[in-house]
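Take a look at the structure set out below.
The sequence lines fix the lettering, A, B, ..., with proteins before strands; numbering per chain opens at 1.
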Amino acid sequence: MSLVQSFPLFSIVLGLLCAVVCFVTPKQWGRRITLALLLASCVMQGWVLRFCYGNQAGYTYQLGHYPAPWGSEITAGLLEPGLGLLCSAVMLLAVIGGGRHIGHDVADGKQHLYWVAVDLTLSALLAMCYTNDIFTAYVFIEICTISACALLAVREGGRSLIASVRYMVFALIGSSLFLIGVVFTYAVTGQLLFPQLREAVAALWAAGTYRFAMTVAIALMTAGLAVKSGCFPFHGWLPDAHSQATTASSCILSGVIVKGYAVLLIKIIYRAIGAEVFMASGAQHVLLLLGIGGMVGCSIDAIFAKRLKVMIAFSSAAQIGYLFMGIGMGTAAGLTAALLQIVNHAITKPMLFLSGSQLADASHGRMDFPSLRGAGHRNVPAGILFTIGAVSMVGVPLLAGFIPKLYFAREAFTLGWQRWPVLLGLAVSTVLNVLYFLYTAVLIWLPQEADCRFKPVTPHWDEFVPGFVLAGLNVAMGIHPGPLVALIEKAVALLGR
Amino acid sequence: MMTVFRVILLIGLVGCAIATAIVRKPMQAVIIYSAFSVVLAVLWITLEAPDLAVTEAAVGAGVTGTLLYLTLRRLNLIDQDEAHKEKMREEADEHGKF
Amino acid sequence: MANSDSAFRRWLRGEVDLSAELRTAEMPAPPEGERYEPRHHPALIRMIARQSHRLYVALVAVLCVVLFTVLLLAAANLPAYGDAEAPTNNQVSERYVNQGVEETGALNAVAGMMLDYRAFNTLGESFVLFAALCVVTVLMTRGRRKHPLPSETDYADYYADPIVHTMCKVIIPVILVFGVYVLVNGHLSPGGGFSGGAILSSALIIYAMVWGDERAHGAIRESTVRRTAALALGFYAVSKTCSFYMAANGLTGVASPGVPGRIFSAGLILPLNVAVGLVVCCTMYSFYMFFRRGAL
Amino acid sequence: MGAMFDHLLHNYEEAAAIALLSIGFCMLLFDRNLLKKVIGLDIMNSGVFLLLADRGYIAGGKAPVMTEAAAEATRYVNPIPAGLVLVGIVVSVSMSALMLALTVRVYQTYRTLDVDHLYMLMSHRRKGGRA
């Protein structure tokens, strides 16, 4: 077994170890350790991705001396290292880009704990991506929840406390529902590892025994993860949580953490339950409709948002609607589009949060739209970045936001009755996106009023360089999506096997 | 015999839970919750899970109960009843202490 | 067309305030002052809040009833309680019970399963505690803003009470010994890291309660607690990763099961139990101190 | 329906677990006091753990500790649910410590534990300033 194959395990454990080291060392070390960890994780995930891509096959890695149904395992196909790479890279850029805000928002005595939380989040996300064991998934979901709460609550002042309470109540309901689902699944199958679980579930479904309990288990696990990733009717916590956190936390929460739960849901559907059984249970129609509801409903909320970050956060909830719609289509092409949406959102949303908060800085930290008028002139790089992000979110061709929409629409025509709601949802959501994102993009470039009391700021390199990296990725994905689409299609094919 | 014992424990458990839900004062809820944990610890024994019983007794009844109690103290919620507070104040005035 | 063109040119020159038009078109919201000061209409807000609260309660009640019914029906659909033929009693649990002793060396099958067969879960679990410790530290330490704390006189310590004081002098060592016994016998008898650690921490908590938290703070230093927890977690993570890595490369571990039933047996289970116990003990004690005095 | 009821009566432990779960769930959602919400959460988790631990019980089985004293036992109960519940209990106590810390902070900052009141503060006291 080559060393590369151990990299997933190493990166998970390295994250945990770095968290422990950051906990006991002085705060100035925390930042360096975390940056090094994120960089190392990027390299490792990239290496694993290259290894799997070269082999055109995934592998499972046995944890301990006992084989599959007895010991636990992690597995790496193309999906897992790809998402691990995405998470690490986005977190790295978010932490660099939001670094100055961390210094401002987080008290000196708590900064090392912020880095602990970042490390734990990375580790939990990687473990959620790679794990092959449903109970390990539960444990790491909880680590992710707790460290996300730390990322949110570490900010001094503001209403981050109430946002944390709200987030925790929803998150705890979500994880309890997920745990009940796991308990029911275990009760009727007696397995905890994904491959064995899938065989057992398929046998059970064919035999027709305990079918009701299994359906309830599927529904509960799906509902739990949907609550945690802010799917439409349960998105009440999301705008507060994502807008009240410090900038880097907003990027991490919105860019990768909600995706982590969604990816886990995809893995559970395709690896643990089996796509056929999941589709037979009918849960995918509910996901589809909830996704479309989120695309429209959250966009309407975003229009009425009165502050920039709240608007961006509502737009996140809407974008997660797209993702669930893709999962709910139930086809390989739909899943491909959903994964494209994950990539698109993970690179665009941090860019918007970073540039948005810099625009606010250029307006004395005010987030309301009247104050933001003309902010693009006061901080030109941030204005350009925000405009690129907003235009991409609307779905203009040659930018990343267009690609998933194109694939969703193309896939919609192959569907049955779902075709019309999907197309209608896409159309309405795009129009609403135009209303709020283009409006904001125009607003920040309006000429400043003569009596404007805000002065132009000179941007620092670490504020806009991460944004421009993300913008570069965004444009690259928009202009030349071929390799990415090919990679994701292969990943989906490997996932279903 | 064992079944009867188990059913009694379960009834006690559900009763404790309902009582926790309906009592008004947080302090009462905390005390009843500790009782709930103790009953649960006994129930783990009947389910032949002694590891769980030890852990539940130490963690559920002990540590969680203590944390809940400390929270109440920090929030000054232990005698939240206004009438009771008033009575205490009157008594204090009468006896010149408190 | 010409008209719109000239309007566009005017906009380019910065003479048109598009935002005002857009704002009125899209946001039929009340003007500035009212939007940011809605407390001008408290009665209206309260009425809306009450109505929405009623709606929320009704919706959630329906949800609860549906969930409750569905779960009950699903529970009725589960395999019978206590059934030896249930799907859960398959080859997985049989191997844990029947070959657990010779493979792991632990008499307690639960400990063998948690710390050997499925050790990755337990690794995650100790880090859940660690993560919770971090969040509690974040929340309970006072940052720049000073939060008013209850006055110190609110915390009476029980040291002055002769009965409590004398009894605790006897009881605390007993609890400590019992905790250590439960901890190190985790592979031989029920108990192990989690319960042993919690028992140890309860002894420390009683000490802090009776002798006062200032004295406890002096006796058990903040840095000691943090370093112990960190070392134990680090030991767990590193040793288990080594073991996983060696297993994946087909090497047998250094730690052998030994003679089942002895205290120094069961390979890594004993040190891991001690590590987990230390983590649990430090975490629970830190929780107590944070809640009691707002600092470790 | 009758058969289902009989089955439920046989699975009385599970029924009690679901009852606990529902009580906790209702407390978590309906009770306006944040502290009661935390207790509700603990009760709900206990319900889940009871449900899980019931799955491991085998009628006539003994605890899976292979000492000489227990050697004559004909069969042992399933150790997997016990291990999973042990993990769950520790996760649950971490979560309640976290929630209680949040409760303390919320009370110190806003002088109330009423969640509806808090959300009202959140949505209606919007002034300028940083997000």
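- Minimum heavy-atom separation, B/V23 to D/K36: O-NZ, 2.8 Å.
- The distance from atom CD of B/E56 to atom CG of D/L86, rounded to the nearest 0.5 Å, is 10.5 Å.
- Between chain B and the residues D/S46, D/P79, D/G40, the largest count of heavy-atom pairs under 4.5 Å involves D/S46.
- Contacts with chain D were tallied for B/T20, B/L52, B/V30, B/V14; B/L52 has the most, counting heavy-atom pairs under 4.5 Å.
- Residue B/L10 touches chain D through its side chain alone, counting heavy-atom pairs closer than 4.5 Å.
- If you measure heavy-atom distances from D/V77 to chain B, the contacts under 4.5 Å come from the side chain alone.
- Listed for the B/T64 side chain is no donor-acceptor partner under 3.5 Å among the backbone atoms of B/A61.
- The CD1 atom of D/I80 sits 13.5 Å away from the CZ atom of D/R55 when rounded to the nearest 0.5 Å.
- For a residue to count as touching a neighbouring chain, one of its non-hydrogen atoms must lie under 4.5 Å from one of that chain's; by this rule D/L20 touches chain B with the side chain only.
- In this structure, the portions of B/L67 lying under 4.5 Å from any heavy atom of chain D include both its backbone and its side chain.
- No donor-acceptor pair closer than 3.5 Å links the side chain of B/T71 to the backbone N or O of D/T103.
- If you take CZ on D/R111 and CG on D/L113, they are separated by 10.0 Å, rounding to the nearest 0.5 Å.
- Here the closest heavy-atom approach between residue B/Y33 and residue B/G60 is recorded as CE2-O, 4.3 Å.
- Here the side chain of B/E48 pairs a donor or acceptor atom with the backbone of D/A63 at under 3.5 angstrom.
- Only the side chain of B/L43 has a heavy atom closer than 4.5 Å to any heavy atom of chain D.
- Residue D/L50 touches chain B through both its backbone and its side chain, counting heavy-atom pairs closer than 4.5 Å.
- For B/S37, no part lies near chain D; criterion is any non-hydrogen pair under 4.5 Å.
- Separation of atoms CE (B/M2) and OG1 (B/T46) is listed at 5.0 Å; rounding is to 0.5 Å.
- Judged by the 6.0 Å distance and 45° axis criteria, B/R73 is not positioned over the aromatic ring of D/Y107.
- With a 4.5 Å cut-off on non-hydrogen atoms, D/F30 does not touch chain B at all.
- By a heavy-atom distance cut of under 4.5 Å, D/I89, D/V93, D/S96, D/A97 are the residues of residues 88-97 of chain D near chain B, going up by number.
- Look at D/D31 and D/K37 and you find no salt bridge, because none of the NZ, NE, NH1 or NH2 atoms lies under 4.0 Å from a carboxylate O.
- Only the side chain of D/I23 has a heavy atom closer than 4.5 Å to any heavy atom of chain B.
- Atoms CG and CD1, on D/L21 and D/I43 in that order, are 11.0 Å from each other to the nearest 0.5 Å.
- With chain B as partner, the option from D/V38, D/L100, D/I58, D/V104 having the largest number of non-hydrogen pairs under 4.5 angstrom is D/L100.
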